[in-house]
Colleague: 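I have a structure here, written as structure tokens, and I will follow up with some questions on it.
One-based numbering along the sequence shown. Each ligand, and each atom within it, is numbered from 1 in the order the structure gives.
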Amino acid sequence: MKHTDIYEVLTDKSLLGKTVVVCGWVRTFRDSSAIGFLELADGTSFSRLQVVLDKNALNIDAECTKNGASVCVTGEVVKAFKGEGAELNAKEVKLLGKCPPEYPIQKKRTTLDFLRTIPHLRLRTNTFNAVFRVRSVAAQAIHRYFHDHRYYYMNTPIITASDCEGAGEMFRVTTQPFGAKEKSEKEYFENDFFGQKAGLSVSGQLEGEVAAMAFSKIYTFGPSFRAENSNTTKHLAEFWHVEPEVAFAELPDIIEIAEEMLKYVMKAVMDECAEEIAFFDAFVEKGLKEKLTHVIESKFAVCDYTDAVEMLKKANVKFQYPVEWGCDLQTEHERYLTEVVFQKPVFVTNYPKEIKSFYMKQNPDGKTVAATDLLVPGIGEIIGCSEREADYDKLVAAMKVRNMDMSAYKQYLDLRVFGSVPHSGFGLGFERFVMYVTGMENIRDVTLFPRWVNNIM
Ligand code: 4AD
Ligand code: MG
């Protein structure tokens, strides 16, 4: 259908006085004796288009004025009665699809909890329309950042035989039938599609490292899968993962890159989604705009894990989980550090090796690894980052401690045999980033069709 996007109608001054065709969904209808006002949205802009209907001159099907109906309007673009923009004086209104009164998107029922039960319709509300426009702009900005800095975009496998994080959270991929008759687990997997146990990747890092050893700077941006049984506001079973991997980079170098990239993407969102950010600031997180501006302008904090533990132990707060050197930080600890102590994003560095993954570079102290998590207010961890162990013997030793199956990591180990170099990378949880820049408090509300334990709508 030849038509003009509402975004164009609202912003392109050269259309004033011209006749255009617009298509969209009715968001509201206000009626007075002679004139009706339709608010039309087509999703190309946050603002809607006001369509003025001269009821005496036009013969309008009442279905065209119903909330949620889809219509096609031909009309003249005129300067808006109020404000800067434009509105449309309708000459003809055609119904595309009617929308019965049981349409669940009604002003009075739109709580986020309710909308989560109708993921196929909730995108038509202001909130979700704004969330997913921000999400798209942020994704584009991430690609642009890396492309402009000569990183190459790699697509790492989704089906894999190696568990990168070693946390036993891999979904299995199988074609074995129900009630398979094999006598042992070994035989069972030998008869499976790949002749061995396979699963969905929890991270593209291991293959990303392979690519970084040839291109120096690469990134991946794809889905990761985790079968973790966490029913929280920041965990999904399927999330999108941004993972740069950089050769000849040590921990301080990769920290700098992570900070620069995040600020770049936040700025892009603020520039390109000003209306959406203003909306979130007004209705979702008061002060969001100021928060983002402050984050972009300030230097992120860096704090050693050992110091962080001391601060937590001295904190005048009763944590649910006690803190001791060696413990993994819980969300409550992470949030205390970033919200109360530093009041901005903070990189916590040099964690005990026992609580982190096998591939992290072992520090000379023999106790910690060159890893960092970036913690942000409201969420906690959004980035997991480390320098990688580039020394063959040290890496093998760390794998042995964890009883890992060496044969599954032969290629990964080869990278430490043939021209090994210091290198580092990180993983940004894309949904958590979108939560941070929109102020949305539940990860299920920044994902089209969120998947979590017992939920696959
Ligand atoms: O800290 P993680 O487990 O690190 C890795 O996977 C590394 N291999 C990354 C790398 O160095 N290339 O995960 C990285 C980030 C987390 O900080 C978090 O933001 C996000 O991925 N994440 C999740 N997001 C949503 N739901 C989940 N279940 C997530 N698990 C991790
Ligand atoms: Mg992590």
Colleague: Could you check whether any heavy atom of Tyr359 sits closer than 4.0 Å to an atom of ligand 1, since that is the contact criterion I want to use?
Modeller: yes
Colleague: Please could you name the atoms of ligand 1 that Ser203 approaches to less than 4.0 Å, counting only its heavy atoms?
Modeller: 6 (O), 8 (N)
Colleague: Which heavy atom of the protein is the closest neighbour of atom 19 (O) of ligand 1, given with residue, atom name and distance?
Modeller: Ile382 O, 2.9 Å
Colleague: Check whether the side chains of Glu209 and Tyr359 place a donor and an acceptor atom closer than 3.5 Å, and report yes or no.
Modeller: no
Colleague: For atom 9 (C) of ligand 1, what's the nearest protein heavy atom and its distance?
Modeller: Glu243 OE2, 3.3 Å
Colleague: Have Ser386 and Lys356 got a donor and an acceptor in their side chains that come within less than 3.5 Å?
Modeller: no
Colleague: Examine the proximity of ligand 1 to Glu228 and report which part, side chain or backbone, both or neither, has a heavy atom under 4.0 Å away.
Modeller: side chain
Colleague: Counting from 1, what ligand 1 atoms have a heavy atom of Ile383 closer than 4.0 Å?
Modeller: 17 (O)
Colleague: Quick check: do Ser162 and Leu206 have side-chain heavy atoms less than 4.5 Å from each other?
Modeller: yes
Colleague: If the threshold is 4.0 Å, N to carboxylate O, is there a salt bridge linking Glu297 and Lys263?
Modeller: no
Colleague: Tell me: protein heavy atom nearest atom 1 (O) of ligand 1, and distance?
Modeller: Glu381 OE2, 3.0 Å
Colleague: Could Lys291 and Tyr436 be counted as a cation-pi pair, given that NZ or CZ must be under 6.0 Å from the ring centre and within 45° of the axis?
Modeller: yes
Colleague: With heavy atoms of Leu236 as the reference, note each atom of ligand 1 found under 4.0 Å away.
Modeller: 25 (C), 26 (N), 27 (C), 28 (N)
Colleague: Regarding Glu441 and Thr233, is there a side-chain donor-to-acceptor distance under 3.5 Å anywhere?
Modeller: no
Colleague: Between Arg388 and ligand 1, is there a nitrogen or oxygen pair with a distance under 3.5 Å?
Modeller: yes
Colleague: Quick one: which ligand 1 atoms are inside 4.0 Å of a heavy atom on Ile443?
Modeller: 25 (C)
Colleague: State the atoms of ligand 1, each with its element, that fall below the 4.0 Å cut-off from a heavy-atom position in Gly429.
Modeller: 15 (C), 19 (O), 20 (C), 21 (O)
Colleague: Tell me the protein heavy atom at minimum distance from atom 18 (C) of ligand 1, and give that distance in Å.
Modeller: Arg432 NH1, 3.5 Å
Colleague: Who's the nearest protein heavy-atom neighbour of atom 15 (C) of ligand 1, and how far?
Modeller: Gly427 O, 3.5 Å
Colleague: Is the ring centre of Phe319 less than 6.0 Å from the ring centre of Tyr336?
Modeller: yes
Colleague: Below a 4.0 angstrom heavy-atom separation, can you tell me which part of Arg226, side chain or backbone, both or neither, approaches ligand 1?
Modeller: side chain
Colleague: Looking at ligand 1, does any of its N/O atoms fall within less than 3.5 Å of an N/O of Cys164?
Modeller: no
Colleague: Please determine whether the number of non-hydrogen atoms from other residues, nucleotides or ligands lying under 6.0 Å from atom CG of Asn231 exceeds 12.
Modeller: yes
Colleague: Does a side-chain heavy-atom distance below 4.5 Å link Lys66 with Val26?
Modeller: no
Colleague: What is the nearest protein non-hydrogen atom to atom 7 (C) of ligand 1, stated with its residue, atom name and distance?
Modeller: Glu165 OE2, 3.2 Å
Colleague: When you look for heavy atoms under 4.0 Å from ligand 1, do you find them on the side chain of Phe239, its backbone, both, or neither?
Modeller: side chain
Colleague: Strictly below 4.0 Å, N to O, side chains only: are Glu334 and Arg432 in salt-bridge contact?
Modeller: no
Colleague: Looking at Lys234, which atoms of ligand 1 are within less than 4.0 Å of one of its heavy atoms?
Modeller: 25 (C), 26 (N)
Colleague: Going by distance alone, is a donor N or O of one side chain under 3.5 Å from an acceptor N or O of the other, for Asp42 and Thr44?
Modeller: yes
Colleague: Heavy-atom contact check, 4.0 Å cutoff: does Gly425 meet ligand 1?
Modeller: yes
Colleague: For Arg135, is there an ion pair with Glu431 - N to carboxylate O distance below 4.0 angstrom?
Modeller: yes
Colleague: Does any N or O of ligand 1 fall below 3.5 Å from an N or O anywhere on Val202, backbone included?
Modeller: no
Colleague: Could you check Asn129, Thr127, Asp445, Thr117 and say which one makes a side-chain hydrogen bond (donor to acceptor under 3.5 Å, both in side chains) with Arg122?
Modeller: Asp445
Colleague: Provide the atom name of the closest N, O or S atom of Glu381 relative to the Mg ion (ligand 2).
Modeller: OE2
